[in-house]
Each structure stands twice: as C-alpha cells, then as structure tokens.
2 protein chains.
Amino acid sequence: MATLSDVARRAGVSPATASRVINGSSKPVTDELRERVLAAVAELQYVPNAHAQLLARSHRSAVGVIVHDVSDPYFAEITRGLQRVATDQGRLLMICNSYRDPDRELEYVELLRGHQVAALILAGSGYHDDAFTRQLNEKLAAYEATGGRVAVIGRHEHSGDAVMPDNRAGGHLAGRELCELGHRAIGVVAGPRILTTTTDRLAGLRQALTEQGRELPERRIRYAEFDRDGGAEATARLLDADPGLTAIVALNDSMAIGALATLRARSLAVPQQVSVVGFDDMPIARDVTPALTTVRLPLVDMGVRAMSLVLGAGTPAPRVEVLPAELIRRDTAGPVPAQRRETADTVPRARRADAAS
Amino acid sequence: MATLSDVARRAGVSPATASRVINGSSKPVTDELRERVLAAVAELQYVPNAHAQLLARSHRSAVGVIVHDVSDPYFAEITRGLQRVATDQGRLLMICNSYRDPDRELEYVELLRGHQVAALILAGSGYHDDAFTRQLNEKLAAYEATGGRVAVIGRHEHSGDAVMPDNRAGGHLAGRELCELGHRAIGVVAGPRILTTTTDRLAGLRQALTEQGRELPERRIRYAEFDRDGGAEATARLLDADPGLTAIVALNDSMAIGALATLRARSLAVPQQVSVVGFDDMPIARDVTPALTTVRLPLVDMGVRAMSLVLGAGTPAPRVEVLPAELIRRDTAGPVPAQRRETADTVPRARRADAAS
DNA sequence: TCCCTGCGGGAAAGGGCTTTCTCTGCGGTA
DNA sequence: TACCGCAGAGAAAGCCCTTTCCCGCAGGGA
C-alpha cells in the first residue's frame with residue numbers, strides 16, 4: 001500500500017504538506033504544490049490508512065451499535081433511524097449482532113471500546129440475569145469514565161440515557177382490545193422468559209386482563225424463540241393444551257406470523273374462530289393475509305432519538321425518553337365467536353371440546 | 001483511556017512485557033510478572049487500542065462487505081453465510097450498505113481499503129453503467145495490487161473471483177412453469193433497468209417464452225424499485241394497461257408481495273384469476289397467503305462460498321462459481337383460467353375486457 | 001535601508017502498540 | 001575458575017499519520 005510519504009516523495013514535498021493538501025487543512029498551500037500532491041495521490045491510488053489517522057487524530061468519530069440481529073425487521077427499523085442521524089452528522093456506524101448472546105454482547109462492548117468509538121448504543125431487550133447486568137454496567141461505566149457516551153434502547157438496566165418503547169402500555173393495549181372484543185380465553189405466545197421485553201409486554205397484558213376482571217394464568221402462556229418458528233411452535237403447544245382459545249397475543253410480529261401459519265395448518269379461521277394480535281408492526285404485518293392487527297412501536301424514531309441523545313450535548317442527569325405504543329387495527333382481531341361468548345374457563349369440558357372442533 | 005504503558009507502569013514492568021502477557025506471545029514471561037500485568041489490566045479496565053494494534057501489526061484480519069442493504073432479506077441471508085465462515089475463522093466483518101447508490105459503493109471501497117481490510121466482498125447486482133464499472137474496477141484492481149483479495153456475488157463486471165446465482169436460469173424456470181400452466185398473457189414486474197440482476201432474470205424469462213413460441217413484449221414489463229411498494233405500483237400499472245393478464249412474474253419476492261397486495265386490493269383471486277411467481281424465496285414467501293411460488297436461490301450458500309473464496313488460498317485464474325436456481329412450487333401459480341385459455345393477444349378486444357371484469 | 005510581519009513550507013514530535021534487538025545474570029560445562 | 005549459552009526482561013525502532021513548532025523569505029512600513 002502506498003503511504004503518505006510515498007505520495008510526498010513523488011510530489012517532491014514534505015509529508016506535512018501532502019497531509020495538508022489531502023485533508024484540506026486550514027493552512028494554505030500554493031496551487032502548484034497542491035496540484036503535484038493531488039496528481040501523486042491519483043497516480044499512486046493513495047488511500048490514507050484509517051487506523052493511522054485515528055491514532056494521530058485525537059478526534060473520535062465512529063459510533064458503535066450493538067443489536068440482536070440487524071436482519072430482524074425490528075432492529076432493521078431501529079438501525080434505519082440510527083443511520084439517518086449518524087449520516088447527517090458524518091458519523092460512521094459500527095454495527096454488531098449479539099444474536100441474543102449476553103457473552104457476545106459483553107465482548108462487543110470491549111471490541112467497540114477498543115475501536116475508540118465516540119459513543120455506544122445498545123439496542124434490544126435486556127436480560128433477567130443479575131450477573132450479566134452487573135458485568136455490563138461495569139464495562140459501560142468504565143467506558144463512560146473515559147468520556148464515552150452510552151445510550152440504550154429498550155433496556156432498563158442502564159443508569160444513563162435511554163429510549164424506552166412503552167412495552168407495558170403496548171401489552172395493555174393488546175389486552176384491552178381483546179377484552180373489548182369479548183375474548184376471555186386468551187393465550188399468549190411469548191418470547192424468551194429471560195428477556196425484559198417479554199416480561200414487560202406480558203405485564204401490561206396481564207394488567208389489562210386483570211382490570212377487566214379476567215386472568216392470565218401461566219398455563220395460557222408459552223415461551224419460545226422470538227421468531228417465526230418459535231411462534232408457530234408455541235401456538236401449537238397452546239392449542240394442544242387448550243383448544244378452547246379464542247384469541248392469541250403474540251409478543252412480536254414474527255411470532256404472530258408463525259401463529260398464523262399454525263392456525264392455517266389447523267384450518268382455524270382468523271379472525272372468525274381465533275383472533276390474533278401481534279406486536280411491533282413490522283412492515284410485513286400489513287401484507288400477510290389477513291392483515292395483522294398489532295401494536296405499533298415507533299421503531300425508526302427510537303433509533304433517531306437514541307442517536308441524537310448520544311451525539312448531542314451530555315446532561316448531568318440521565319434522560320429517559322419513553323415512546324408510546326399504538327394499536328393498529330387490521331384484520332386478525334375480531335369479536336369472539338358467538339358460541340364461545342361465555343368464558344372458556346366456565347364452560348363444561350364437553351362443550352369446550354365441541355367448540356374447538 | 002488507560003494505555004499499555006499505564007498498565008506497564010502499574011505492574012512495574014516494561015510495555016514490552018505487558019504486551020507479551022496481554023497477547024499471549026510465544027515469548028515466555030515469569031508467572032509473577034504475568035500476574036502483576038493481569039492484575040493491572042483488570043484494575044485499569046484496560047482495552048488495547050485496536051487502531052494502534054492494527055498499525056503495529058502487519059497482519060490484516062478484518063473483511064469488508066458491501067451490500068445494498070443488510071436489512072433486505074436477500075442480503076440478510078447472504079450476510080448470514082458470510083458471517084458463518086468469517087466467525088469460524090475469527091474474522092471481523094465490516095458491513096456497509098450502499099443503498100444501491102453506485103457512488104456510495106465507490107466510496108465504501110475506498111473506506112474499507114483505508115481500514116486495511118484483508119479482503120473485500122461486493123454483493124448485489126451490478127449496474128449497466130460503463131463509467132461506473134470502469135471506476136470500480138480500477139479501484140478494485142488497485143486494491144488487489146496491494147495484496148487485497150476481492151470476490152463479488154452476483155456481478156458480472158469483476159474479472160476476479162465470483163459467486164454467481166444463476167439468475168438467467170431462474171428466470172427461465174419461472175417462464176417455463178407459467179407456460180406449462182398455459183399462460184400466455186404474462187406480465188413482468190421488474191426491478192430497476194440499470195441492474196444486471198433485472199436484465200439477467202428478464203433474459204431468462206424471455207428465452208423461456210420464446211422457446212414456447214410466445215413473446216415478452218416490452219409493454220408487458222414494468223420497471224420499479226426492487227421492493228414491496230415498487231412491486232405494488234408496477235403491478236397496478238401493468239393491470240391498468242393490460243387487464244387481460246393471467247400471470248405476473250415479479251423479479252424478486254418483495255415485489256411479489258407488493259403484487260399480491262395490489263391484486264388483493266383489486267379483488268383478483270390468486271391463483272384462480274391471476275398467477276404470481278416470485279424470485280429469491282425469502283423466508284416470508286411461505287408465510288404469505290397464498291404461499292408464494294417462487295424461484296429459490298441458495299443465498300446463504302452464496303455467502304459461504306464467497307467468503308471461503310476470499311479467505312482461502314488465491315489462485316492465478318479467477319474462479320467463478322455458478323449456483324443453481326430452483327423452482328419452489330407453492331400456491332400462487334395455477335393453471336390459466338378456462339375462459340382465458342386462448343392467448344390474450346389473439347382474443348378480441350371485447351372479450352378481453354369481459355375476462356378482466 | 002532596516003525591521004517587522006506574515007505567509008508558505010518543512011522538521012519533528014507524538015499517538016499506542018508490536019517486535020526485534022540488546023542486555024543482564026544465571027547455570028552448566030571444560 | 002573461566003567461559004559459553006540461554007532465559008527473561010527491557011530499550012528502542014518502527015507502523016502511518018496529524019499537527020505543532022519553527023524557519024526562511026518576501027513585502028511593506030518607517
């Protein structure tokens with residue numbers, strides 16, 4: 001690789017001058033030398049060594065981002081928001097996928113710190129795991145102690161700046177909607193128990209049911225991976241255990257799509273026999289058939305805000321921005337079927353079996 | 001940030017010794033010093049400056065990847081394959097989104113070169129743009145001249161290693177299937193004209209129709225963005241111009257989903273009134289209703305191979321691996337409706353209008 | 001004419017790390 | 001006892017840039 005001094009030598013100038021020309025320094029350089037340098041750069045196809053530059057400059061510019069998986073639409077949307085702000089400010093993003101592995105998350109914090117990022121954004125659910133949380137906070141604190149900025153998206157455990165989707169309110173919205181449609185036998189297709197996102201959404205849902213004088217017994221909840229196959233599988237287990245279900249809440253849209261697949265496979269009409277409500281409103285939600293009723297989170301906006309937080313001026317007190325959830329009514333949630341209007345819980349066993357057939 | 005000399009000072013050793021301990025150098029260090037260094041590292045929360053390391057080591061390890069958009073399922077799958085191999089070999093990936101902007105692509109080549117990546121992988125369609133292609137090749141050649149490895153995925157223009165999905169054969173597969181189902185009035189919802197992927201798939205499709213004694217006139221093709229909305233819009237234009245269409249080929253699955261949306265909006269039953277064939281077989285294809293008949297490309301495998309090519313031993317002659325396309329029959333393509341069995345081209349105007357209603 | 005100013009350019013000092021080279025001191029052999 | 005060899009540690013030379021500091025020179029004012 002050609003280096004700066006190669007360029008300088010070829011142009012017959014000092015490395016200092018070459019550097020000034022290349023970086024458009026404020027220090028003036030005569031046109032003649034400038035041209036010679038530029039010509040040398042072109043001839044040698046010179047590209048500055050980014051690492052040497054970063055070492056020489058004190059200025060840190062890149063921003064590190066840790067998500068569970070960029071290719072997951074949830075994170076893809078958040079990332080879009082992050083990118084928008086970063087690009088506007090000429091920042092480079094380093095995006096890392098933790099694939100929901102806490103250890104990998106820890107490793108990436110180190111890695112990004114080593115890469116001298118100016119700020120760090122952790123997006124995605126936290127874990128119910130005290131040991132992990134403590135370790136993470138230690139690392140984050142160490143980073144912040146050296147001037148690094150940190151913001152989290154959708155995580156409680158961090159003490160600094162945070163952007164929080166209102167998962168609990170979203171869960172509540174889904175629950176209330178279904179109650180108002182008359183459903184009583186509601187099953188839940190949930191993500192991993194260890195994720196705070198799962199428990200937050202679940203908590204909101206449970207609260208809504210309780211407010212309506214109903215319950216969400218643990219046997220009506222199935223935990224699985226937060227993806228399509230997890231949703232399909234959890235739905236199957238739910239249905240096997242409780243054929244009388246008239247509604248299913250999936251704790252994200254991918255799982256909802258899996259749920260829809262299982263219902264279709266079992267020839268259960270949606271929403272005539274079983275209603276389904278998803279969560280997140282990812283782009284595909286409107287394109288499945290029937291179009292998915294779901295709880296929308298302002299994903300892009302979450303990204304925008306987190307990045308703004310981290311690139312803007314710091315404040316002594318941590319800022320927490322809670323972004324609201326919104327119910328998007330489409331076609332998968334309908335009134336409870338007539339023959340099941342009574343609560344499945346109180347229906348005699350025999351009739352319940354009937355109703356399921 | 002704590003530096004290596006901070007660690008060394010605290011441990012009462014030289015930076016050289018500290019470095020040896022931290023990197024597990026082959027040079028032996030007594031246990032006592034080793035412990036002192038490790039203790040200092042922990043106390044100071046020391047993380048080596050990655051840029052300084054990269055500068056000092058001659059060894060280059062990271063691999064640069066340029067895709068159109070990682071959050072697009074097509075690239076997400078390819079990236080999964082790339083990651084798999086990279087992770088196995090302990091390589092870090094730097095992934096950049098060009099958002100189908102040729103200039104940005106050029107910039108990223110420079111950027112990644114500046115970051116001293118050991119190899120470069122360009123995934124995604126090439127452009128019918130000679131000036132761009134020349135520039136790109138120049139940059140790539142300069143990079144290769146300094147020992148960089150390059151592989152492309154799905155691009156013709158590069159003279160080196162390449163992994164090529166058989167887009168043409170895939171187009172052919174889609175065309176033949178539709179012909180065998182009796183369709184004659186086939187419309188195409190195509191991606192941007194400037195992309196070689198579009199033209200390759202189109203060429204295969206056209207060839208299949210020609211072989212069956214049919215034609216693919218330009219008026220039956222609509223070019224739009226390679227996404228859901230592009231597909232929806234192009235389908236609408238196609239239908240407006242030619243209501244007698246009995247089949248639509250979408251040149252990728254996102255567009256196919258858009259096509260499905262438009263057909264649903266117009267109450268045209270799929271596949272009873274109109275058949276649809278997609279391309280790529282992205283994961284969601286099986287979950288839309290009706291499930292999408294499409295042409296599968298081994299996306300993950302494409303990524304795996306490209307990365308293996310680039311990390312394996314170089315060969316004097318460039319290697320081109322062509323990966324086959326496969327037709328996945330699901331539920332969106334069916335036999336041509338009875339009343340339209342004759343070709344739309346030969347049906348009198350009046351009857352064509354009837355048929356469309 | 002002399003001095004001061006200011007402009008354009010180069011020399012050189014880092015920035016944080018790796019690695020070669022050098023040095024010290026010890027044990028072992030003749 | 002004298003010498004050799006080697007293990008283990010440190011000194012220092014880079015890696016490739018940026019940027020401060022300094023210098024020479026030309027032009028302008030007194």
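None of the values given here were measured: they were computed from a predicted structure. Proteins get letters first, then strands, A, B, ... in listed order; numbering begins at 1 in each.
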Check: Can you tell me how far C1' of C:dG15 sits from NE2 of A:His59, to the nearest Å?
Finding: 16 Å
Margin query: How long is the straight-line distance from CG of A:Leu106 back to CD of A:Gln135, given to the nearest 0.5 Å?
Written below: 5.0 Å
Notebook entry, point to check: Minimum heavy-atom separation for B:Thr197 to B:Ser125, with atom names?
Noted result: OG1-CB, 2.8 Å
Next item on the list: First locate atom OG1 of A:Thr133, then atom CG of A:Leu140, and finally report the distance between them rounded to the nearest 0.5 Å.
Entry: 11.0 Å
Only pairs under 3.5 Å count here: list side-chain donor-acceptor contacts from residues 299-309 of chain B, not counting sequence neighbours, and write none if there are none.
{"unit_1": "B:Asp301", "atom_1": "OD2", "unit_2": "B:Arg305", "atom_2": "NE", "d": "3.1"}
{"unit_1": "B:Arg305", "atom_1": "NH1", "unit_2": "B:Glu321", "atom_2": "OE1", "d": "3.0"}
{"unit_1": "B:Ser308", "atom_1": "OG", "unit_2": "B:Val304", "atom_2": "O", "d": "2.7"}

Next item on the list: Tell me yes or no: between the side chains of A:Thr87 and A:Arg91, is some donor less than 3.5 Å from an acceptor?
Entry: no
Next item on the list: Check salt bridge (charged side-chain N to carboxylate O under 4.0 Å, His left out) between A:Arg134 and all other residues, then give those that pass, not counting sequence neighbours.
Entry: none
Next item on the list: Give me the residues of residues 37-54 of chain A where at least one heavy atom lies under 4.0 Å from an atom of DNA chain C, by number, or none.
Entry: A:Ala52
Notebook entry, point to check: How close or far is atom C1' of C:dC17 from atom NE2 of A:His115, stated in whole angstroms?
Noted result: 14 Å
Note to self: Expressed as a whole number of angstroms, how long is the span from A:Glu32:CD to C:dC7:P?
What the structure shows: 20 Å
Under 3.5 Å, which N/O atoms of the protein pair with N/O atoms of nucleotides 4-7 of chain D?
none

Item checked: Nearest-nucleotide comparison on DNA chain D, the residue closer to the 5′ end among B:Arg57 and B:Leu33 -> B:Leu33
Item checked: All side chain to side chain contact (heavy atoms under 4.5 Å, CB included) counterparts of A:Asp69, not counting sequence neighbours -> A:Ser71, A:Asp72, A:Asn97, A:Tyr99, B:Arg80
Check: So which pairs with a foot in residues 105-119 of chain A pass salt bridge (charged side-chain N to carboxylate O under 4.0 Å, His left out), sequence neighbours left out?
Finding: A:Glu105-A:Arg155, A:Glu110-A:Lys139
Notebook entry, point to check: For residues 140-149 of chain A, which residues have at least one heavy atom under 4.0 Å from DNA chain D?
Noted result: none
Margin query: Pick the closest DNA chain C nucleotide for B:Leu4 and for A:Ala18 by heavy atoms, then say which residue is nearer the 5' end.
Written below: A:Ala18
Item checked: N/O (side chain, A:Ser19) to phosphate O (OP1/OP2, D:dT19) under 4.0 Å -> no
Check: Can you list every pair that meets side-chain hydrogen bond (donor to acceptor under 3.5 Å, both in side chains) and has a residue in residues 37-55 of chain B, with sequence neighbours left out?
Finding: A:His51-B:His51, B:Arg10-B:Glu43
Note to self: In this structure, how many angstroms lie between the P atom of C:dG16 and the CG atom of A:Leu55, rounded?
What the structure shows: 7 Å
Next item on the list: For nucleotides 20-26 of chain D, just jot down a letter per nucleotide in 5' to 3' order: B, S or -, based on protein non-hydrogen atoms under 4.0 Å.
Entry: BBB----
Check: Do the side-chain N or O atoms of A:Ser14 get closer than 4.0 angstrom to the phosphate oxygens (OP1, OP2) of C:dA11?
Finding: no
Checklist line | Set of ring pair (Phe, Tyr, Trp, His ring centres under 6.0 Å) partners for B:His68, sequence neighbours left out | finding: B:Phe75
Note to self: Once salt bridge (charged side-chain N to carboxylate O under 4.0 Å, His left out) is applied, do any residues pair with A:Asp6, and if so which ones, sequence neighbours excluded?
What the structure shows: A:Arg9
Next item on the list: Return the value, rounded to whole Å, for the distance between atom CE of A:Met1 and atom C1' of D:dC16.
Entry: 10 Å
Notebook entry, point to check: Atom CZ of A:Arg36 and atom P of C:dG8: how far apart are they, to the nearest Å?
Noted result: 16 Å
Note to self: I need the B:Ile95 CD1 to A:Ile95 CD1 distance, nearest 0.5 Å.
What the structure shows: 8.0 Å
Notebook entry, point to check: Tell me, which pairs form a ring-ring contact (aromatic ring centres under 6.0 Å, His included) where one or both residues lie in residues 127-153 of chain B, sequence neighbours left out?
Noted result: B:Tyr127-B:Phe132
Notebook entry, point to check: Which atoms form the tightest heavy-atom contact between A:Thr315 and A:Ala317, and what is the distance?
Noted result: OG1-O, 2.7 Å
